[in-house]
2 protein chains.
Amino acid sequence: MDRGAGVALWRQIAERLRADIAAGVYPHNARLPSEAELAGRFKVNRHTVRRAIGALAEENILRADRGRGTFVASRPIDYPIGRRTRFSEIVSRQKRQPGGRLVASSEEGADILVAEKLGIAPGSRVIRLETLSAVDGVPLTRATSWFPAERFPGLVAAYAETGSITKALERHGIADYTRLETRISARVAGADDAEHLSLPPGAVVLVSEAVNIDAEGNPIQFARARFAGDRVQIVVES
Amino acid sequence: MDRGAGVALWRQIAERLRADIAAGVYPHNARLPSEAELAGRFKVNRHTVRRAIGALAEENILRADRGRGTFVASRPIDYPIGRRTRFSEIVSRQKRQPGGRLVASSEEGADILVAEKLGIAPGSRVIRLETLSAVDGVPLTRATSWFPAERFPGLVAAYAETGSITKALERHGIADYTRLETRISARVAGADDAEHLSLPPGAVVLVSEAVNIDAEGNPIQFARARFAGDRVQIVVES
DNA sequence: GATTATTTGTCCGTATGTATA
DNA sequence: ATATACATACGGACAAATAAT
């Protein structure tokens, strides 16, 4: 390292590590050499290496686990949002394995927000589907979906069987549907979401609220999906 | 409250409060009566009211501050993302007052990510602008922007004077620019962002990484903006 | 600056109804 | 029928943060 170059040693080390990670020297989820090992290589004190690692951990590029080591954060999956947003397609396109399972379901009266989004009267019967979707076996998103109950009588069974909203809707004559609007916010994961998504307490979820409409423009689904914040990056092309 | 109606008391109270908020009995940012007061009105124990408030707080409808009271959450500002995303326009359109100020700036060599996004060689000179944008005086987003240095020599001064990226770019002959791609993720706010955005420790930020291009399609800006998670809702129309 | 009142947060507990094995 | 677990509802005491005096 260049001592006295006007750039702090720990910054130089951080940038070197960042470059190595970007270049693939340390792949995603790989373990970095121990702090002592790195200190030896860079010929600096271990604390200088720690400062560099701390800076990269703050950016969520590294993840330091006491007693285990320091790891390169796993690359978040790209989740493009557009007119035709389909979980299975998005995941498959990235050569990963999609999966979905039913957590719970119920039939209930639509509250104000759901009614507005589905364009029905408050109190109308709606089917609520609680689902968990995974990528390569790792849970990615926990979603709550509402559908007009009269139009989709066998929806729960169809989803439980196929693990796919798209396929379940196909069985009810919905050959195609498109996304009208997506609203994105973020918050700390609730206890239930944290458990289903295997997140530590205090972890962050990206919340996506979306309305899907059929070919005639009628709303058929309102969904509130909670994505594990560090496992996804939502992409909007404009 | 209807005891023994098959619905737990705290749920009934929560739904009553939710309805009152929706109806405008308690406007945004208004203070609710104290827990003791509400317990008296509903003729239940204070803990039962707390349970109801807790449920609504989990949904970010209420916000309870120890020693101050319980408040209706302020409605998050809608932040539509599209080809022509302009902070000032978005805020003004919602009849609110936009503001921007320069936090810091520097000229530096582009790192790998910035170079790739701006379509230049790593190490090329770039201007880095650290800005803070507010709505009605409340800080909303803390952004870091990079611009090719040779093309925008007086950019820092222009932004410091106008408080607007759009206006600063106009002075450099950019009559119009459009957004190419936006990548959205979420994480816990770092110490610096938390301070500038007046966020409590552990609060959540929405991170938006975006590339803007000029009329000829050349990248002119790469920006990483951190939005206070509970003060904004990003809207994607498709 | 110190004091006090107000308000929410966190404990301790008791009792009861409901669902389940 | 019995036992167990769980959610609900209530009561009280105190801590911690805030606002007003």
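Below, chain A is the first sequence line, B the second, and so on; all start at residue 1. Heavy atoms only: backbone and side chains are in, while hydrogens, waters and symmetry mates are out.
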Review item, nucleotides 14-17 of chain C N/O atoms under 3.5 Å of protein N/O:
none

Got a list of protein N/O to nucleotides 18-21 of chain C N/O distances below 3.5 Å?
none

- line: Quick tally for nucleotides 6-11 of chain C: nucleotides whose base has a protein heavy atom under 4.0 Å get B, sugar-phosphate-only ones S, the rest -, giving -BBBBB
task: Determine, step by step, whether B/Ser208 and B/Arg226 satisfy the side chain to side chain donor-acceptor pair (under 3.5 Å) criterion, reporting the C-alpha distance in whole Å, the side-chain angles of both residues, the deciding distance to 0.1 Å, and the verdict.
output: CA-CA 7 Å; B/Ser208 144; B/Arg226 286 86 72 196; over 6 Å; no
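Residue A/Glu150 qualifies as open at atom CD: its count of foreign heavy atoms under 6.0 Å is 12 or below.
A/Gly154 approaches A/His172 most closely through the heavy-atom pair N-NE2, 3.2 Å. Nearest approach of A/Ser145 to A/Gln221, heavy atoms of both residues: OG-NE2, 3.0 Å.
Between A/Phe147 and A/Phe152, the ring-plane angle classifies as perpendicular under the 30° and 60° cut-offs.
Note on B/Glu15 versus B/Arg18: salt bridge recorded, some NZ/NE/NH1/NH2 to OD/OE distance being below 4.0 Å.
A cation-pi arrangement, defined by a distance under 6.0 Å to the six-membered ring centre and an angle within 45 degrees of its axis, is present between A/Arg86 and A/Tyr177.
Using a 4.5 Å cut-off on side-chain heavy atoms (C-beta onward), B/Leu132 and B/Leu197 make contact. For the pair B/Thr141/B/Val232, no side-chain contact is recorded, criterion being any heavy-atom separation below 4.5 Å from C-beta on.
An OP1 or OP2 oxygen of D/dG11 is reached within less than 4.0 angstrom by a side-chain nitrogen or oxygen of B/Asn45.
Here the side chain of B/Asn45 pairs a donor or acceptor atom with the backbone of B/His47 at under 3.5 angstrom.
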